[in-house]
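Just so you know, residue 1 is the first one in the sequence shown, and it goes up from there. In listed order, ligands and their atoms are each counted from 1.
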Amino acid sequence: MEKSIYLLPGDGIGQEIMAEAVKILDWVQGQGLASLAIREGLIGGTAYDRTGTPLPAVTVAEAKAADAVLLGAVGGVKWESLDYAVRPERGLLGIRKELDLYCNLRPAQVFPQLANASTLKPEVVAGIDIMVVRELSSGIYFGQPRGVETLPDGRKKGVNTEVYYTDEIVRVARRAFEIAGKRSGRLCSVDKANVLECTELWRKTVIEVGADYPGIVLSHMYVDNAAMQLIRNPRQFDVILTTNLFGDILSDEASMLTGSIGMLPSASLGDRSALYEPIHGSAPDIAGMGVANPLAMILSVAMMFKYTLNLPEVADRIERAVHRVLDAGLRTADIMQEGMTKVGTVAMGDAVVKALA
Ligand code: NAD
């Protein structure tokens, strides 16, 4: 059955890395491994320049109609002085909200070929393969009341509110249990149940959901301990499930264990939509220079085949091809090591396509 893929290259290196992702899609199509209907749209600063808004209505409509959205990156110096409401980043937050993407998957995997890239000792990070499942559409980033008010005595008061409803916890917890079932069968839920009632509810609800997944070993950890354990002994983790705020912080911490921002993909899933993107931004400092690492984008394509298009064998094949080009010693500037061969964005994409074959 034909699947519809909506491409949103966005700004900066988003354009360059998307071109390499398209080569992978074309290869998969060419081999008859999938039938894809590919369309492309505007988001971010590029969309603002052409339409006056970082998230045109047509982009939202097309993204909603697609089976999966592939996004490059948004943002750049050019748009930094714009009103907050029309900044490129509003396009990204807006599309996540419009598609009701509540489950964010952030794998942090250390490629053996790049174990030296981490700031931690290679023996600590070797073999890391963590999946952080972050609740993405609720919690303190959205809870009411929020804001800053001036009190009668002249002091200011700033408020944000952590709010979770049980159904919001249940739906993301189910995703995490299912993912753990496809991996090692271990799930660690991270909260602060000792001091935050809202996350006490989180913990109780996750335990209740766990009753439906008897094959999964569920554990719990307070977030402060989890932050320490991720540095002390990261290999103890397989799947980590956590709230929006804690997930924001822990997923960045986990990804930096790997030491290479240009290698890390992500997925944001809803019940009807899915969006795949590298974790990095538009890298204005190297945009247009042809040196950006396209592998995070290409690995996001692999995640799309695994989680939305239900073609795990295609995903495996793409991942294996990435390993092969690293084994062959090819490196973009951000992951360059002594004795390796430095290549640009296009050459790296071409090498992955060649390795696929
Ligand atoms: P960034 O991730 O764009 O760049 C951080 C550093 O990593 C830069 O030195 C950059 O050159 C490097 N880098 C990032 N991706 C790379 C790649 N694929 N290959 C090689 N090097 C890479 O973060 P930033 O500089 O803080 O933000 C730049 C712009 O991106 C801002 O406008 C920001 O708002 C936006 N941003 C967008 C997203 C997104 O679209 N999801 C995420 C983060 C930041």
Side-chain angles (χ1 to χ4, degrees), residues 7-21 24 41-49 54-55 59 63 69-97 99 101 104-106 111 114 117-119 134 136 141 247-249 251-252 255-256 258-268 274-301 303 322 325-326 330-337 340 342-349 351-352:
L7 310 179
L8 294 173
D11 309 321
I13 62 166
Q15 303 275 342
E16 298 162 54
I17 57 177
M18 186 62 84
E20 304 313 308
I24 307 294
L42 295 172
I43 196 166
T46 317
Y48 174 80
D49 287 349
L55 186 59
T59 296
V69 179
L70 272 180
L71 190 138
V74 300
V77 184
K78 183 178 172 194
W79 301 286
E80 270 169 15
S81 56
L82 287 178
D83 187 76
Y84 187 65
V86 289
R87 291 252 185 103
E89 293 76 6
R90 297 303 296 174
L92 187 57
L93 294 177
I95 196 142
R96 286 179 183 156
K97 193 167 169 46
L99 299 180
L101 305 172
N104 183 223
L105 306 184
R106 286 267 301 257
F111 287 79
L114 303 177
S118 176
T119 50
R134 165 188 171 193
L136 197 60
Y141 293 168
D248 193 0
I249 299 163
S251 62
D252 266 16
S255 63
M256 277 305 100
T258 72
S260 42
I261 195 171
M263 296 294 301
L264 296 166
S266 79
S268 301
L275 183 146
Y276 295 84
E277 58 181 322
I279 71 159
H280 59 72
S282 57
D285 53 335
I286 56 166
M289 293 165 64
V291 297
N293 186 347
L295 295 179
M297 184 80 242
I298 289 173
L299 291 167
S300 301
V301 172
M303 283 189 90
V322 169
V325 297
L326 294 175
L330 299 193
R331 302 282 187 274
T332 42
D334 56 311
I335 53 171
M336 184 58 191
Q337 296 158 307
M340 301 293 150
K342 195 156 151 188
V343 294
T345 312
V346 173
M348 186 58 107
V352 176

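Residue Ile95 forms a side-chain contact (heavy atoms from CB on, under 4.5 Å) with just one option from Val74, Leu101, Thr59, and that option is Thr59.
Listed by chain and residue number, Asp49 satisfy the salt bridge (charged side-chain N to carboxylate O under 4.0 Å, His left out) test with Lys78 (two or more places apart in sequence, or in another chain). The salt bridge (charged side-chain N to carboxylate O under 4.0 Å, His left out) test applied to Arg87 returns no partner, not counting sequence neighbours.
Within the 4.5 Å cutoff, the side chain of Ile335 has no heavy atoms near those of the Phe111 side chain.
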Considering only N or O atoms, set out every pair between ligand 1 and the protein closer than 3.5 Å, with distances to one decimal place.
{"residue": "ligand 1", "atom": "2 (O)", "partner": "Gly281", "partner atom": "N", "Å": "2.7"}
{"residue": "ligand 1", "atom": "3 (O)", "partner": "Gly281", "partner atom": "N", "Å": "3.4"}
{"residue": "ligand 1", "atom": "3 (O)", "partner": "Ser282", "partner atom": "N", "Å": "3.2"}
{"residue": "ligand 1", "atom": "3 (O)", "partner": "Ala283", "partner atom": "N", "Å": "2.8"}
{"residue": "ligand 1", "atom": "9 (O)", "partner": "Asp285", "partner atom": "OD2", "Å": "2.8"}
{"residue": "ligand 1", "atom": "11 (O)", "partner": "Asp285", "partner atom": "OD1", "Å": "2.8"}
{"residue": "ligand 1", "atom": "11 (O)", "partner": "Asp285", "partner atom": "OD2", "Å": "3.0"}
{"residue": "ligand 1", "atom": "15 (N)", "partner": "His280", "partner atom": "ND1", "Å": "3.3"}
{"residue": "ligand 1", "atom": "18 (N)", "partner": "His280", "partner atom": "NE2", "Å": "3.1"}
{"residue": "ligand 1", "atom": "18 (N)", "partner": "Asn293", "partner atom": "O", "Å": "3.0"}
{"residue": "ligand 1", "atom": "19 (N)", "partner": "Asn293", "partner atom": "N", "Å": "2.9"}
{"residue": "ligand 1", "atom": "30 (O)", "partner": "Val74", "partner atom": "O", "Å": "3.4"}
{"residue": "ligand 1", "atom": "30 (O)", "partner": "Ser282", "partner atom": "N", "Å": "3.1"}
{"residue": "ligand 1", "atom": "30 (O)", "partner": "Ser282", "partner atom": "OG", "Å": "3.2"}
{"residue": "ligand 1", "atom": "32 (O)", "partner": "Gly76", "partner atom": "N", "Å": "3.2"}
{"residue": "ligand 1", "atom": "32 (O)", "partner": "Glu89", "partner atom": "OE2", "Å": "3.1"}
{"residue": "ligand 1", "atom": "34 (O)", "partner": "Glu89", "partner atom": "OE2", "Å": "2.4"}
{"residue": "ligand 1", "atom": "40 (O)", "partner": "Val74", "partner atom": "N", "Å": "2.9"}
{"residue": "ligand 1", "atom": "41 (N)", "partner": "Glu277", "partner atom": "OE1", "Å": "3.4"}

Which donor-acceptor pairs under 3.5 Å do the side chains of residues 291-299 make with protein atoms, sequence neighbours left out?
{"residue": "Asn293", "atom": "OD1", "partner": "Leu295", "partner atom": "N", "Å": "2.9"}
{"residue": "Asn293", "atom": "ND2", "partner": "Gly262", "partner atom": "O", "Å": "3.4"}
{"residue": "Asn293", "atom": "ND2", "partner": "Thr332", "partner atom": "OG1", "Å": "3.3"}
{"residue": "Asn293", "atom": "ND2", "partner": "Asp334", "partner atom": "OD2", "Å": "3.1"}

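When atom types are taken as modelled, the side chain of Arg331 and the backbone of Val343 share no donor-acceptor pair closer than 3.5 angstrom.
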